[in-house]
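As structure tokens, the structure follows; a few thoughts come after it.
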2 protein chains.
Amino acid sequence: MRSGCPLNYGLEIFGDKWTLLIIRDLMFFNKKYYNEFLQSEEGISTNILADRLQLLEKNKFIRKEKDGEHKQKIIYRLTQKGIDLMPLLMEIGLWSDKYAGSHLHPGRDIIIGDVKENKAKGLKKMFAKLEKEHLTGC
Amino acid sequence: MRSGCPLNYGLEIFGDKWTLLIIRDLMFFNKKYYNEFLQSEEGISTNILADRLQLLEKNKFIRKEKDGEHKQKIIYRLTQKGIDLMPLLMEIGLWSDKYAGSHLHPGRDIIIGDVKENKAKGLKKMFAKLEKEHLTGC
DNA sequence: TAAAACCACTTGCTTTTTACAAGTAGTTGC
DNA sequence: GCAACTACTTGTAAAAAGCAAGTGGTTTTA
């Protein structure tokens, strides 16, 4: 149900597991093709993936781009609106880093990386990286 | 599906809309009774509420407490683990503040409040408030 | 140039989850 | 002692997710 609460507003459009995992793949794992999302560890179904990509595009979190080399391929990229979800994903990562204990695979610090040491600085660095990778050429 | 990713770990246990809205109610709207959660603007169903409260308690995000005055009432309070989700909820609020535009009710800044001006300082203040309200007496 | 493979999806069906309404057992106030 | 209130539970219909197979277009291979 629609409500005027900012938290609910956000949750209504990106507050489901698969949506955020797709954004994670784009943001931290450098994935950009449909097949790459499909192959993620968590095993998203192809119909759900198609549905979420459509929603994400409709809500302007991502945009489609043609691949110059492989003409049948489509590249998915984050928009600024999508990139701005990064601090939120980082907070999930930081929380898990504190509470997940043994549930995490080793070497998963790639995500929170610099942010763990200095939040403001780490976020700034990550923003720069994402903006360079996803926003150039538009 | 279980995976070793910290983002997925978090999303598996608190990454659904109703769960986060209950935590929002506890955190920002000072709600503590079953009936208060039921009455929230978004209209959670009573069976879903019961289910989520059980999950939240099982995962130690909240705990039940007896109400001294009204003996049939149960008070729900956040644990430290639950309180530590605050920065994440704040990030949702900050994102919505930037992108929700006219979708928000006026005066909803109560949530992000001080955090909007100075993130580190605002979070610290909010942590102190929550720890005082939810953790004292245990 | 015909066949095989790969691309981003779509379709159909089953299972799980959610939504809504009604009911219940145990206090509490009058 | 009974009506009202508490935190739930139960039953059922609707919606969403999960799974497997298929599709139409492009690209690579023989």
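In the text below, chain A, chain B and the rest are named by the order of the sequence lines, each starting its count at 1.
Put simply, A:K66 has no side-chain N or O that comes within less than 4.0 Å of OP1 or OP2 on C:dC7.
Residues from residues 22-36 of chain B that place a heavy atom under 4.0 Å from any atom of DNA chain D, listed by number: B:Y33, B:Y34, B:N35.
The interatomic distance linking A:I74 (CD1) with D:dG25 (C1') rounds to 11 Å, in whole Å. To the nearest angstrom, C1' of D:dC8 lies 14 Å from CZ of B:F37. One can place CG of B:L49 at 9 Å from C1' of D:dA7, the figure rounded to the nearest angstrom. Distance B:I75 CD1 to D:dT6 C1': 13 Å, rounded to the nearest Å. With rounding to whole Å, A:Q54 atom CD is found 16 Å from C:dA8 atom P. Going from atom CG of A:L38 over to atom P of D:dA17 covers 16 Å, rounded to whole Å. Distance A:L55 CG to D:dA17 C1': 14 Å, rounded to the nearest Å. Between the CG atom of B:L53 and the C1' atom of D:dT6 there is a distance of 14 Å, given to the nearest Å.
Taking each heavy atom of B:K119 and B:E91 in turn, the nearest pair found is NZ-OE2, 2.6 Å. The shortest heavy-atom contact between B:L7 and A:L89 is CD1-O, 3.5 Å. Contact between B:T79 and B:R63 at its shortest, heavy atoms only, is CG2-N, 4.3 Å.
Counting only distance, with no hydrogens or angles, the side chain of A:N59 and the backbone of A:F61 share no donor-acceptor pair below 3.5 Å. At distances below 3.5 Å, not a single donor-acceptor pair connects side-chain atoms of A:K31 with backbone N or O atoms of A:Q39.
Using bins of under 30°, 30° to 60° and over 60° for the plane-to-plane angle, the ring pair A:W95/B:Y9 lands in the parallel bin.
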How does each nucleotide of nucleotides 17-30 of chain C score, in 5' to 3' order, for protein heavy atoms under 4.0 Å: base (B), sugar-phosphate only (S), or none (-)? -SBB-B---BBS--
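Using a 4.5 Å heavy-atom threshold, the side chains of B:M126 and B:M90 count as touching.
Of the residues listed (A:L55, A:L49, A:I62, A:I48), the one engaging A:I22 in a side-chain contact (heavy atoms from CB on, under 4.5 Å) is A:L49, and it is the only one.
Linking Ile, Leu, Val, Met, Phe, Trp and Tyr residues whenever their side-chain heavy atoms come within less than 4.5 Å places B:L38 and B:Y76 in a single cluster.
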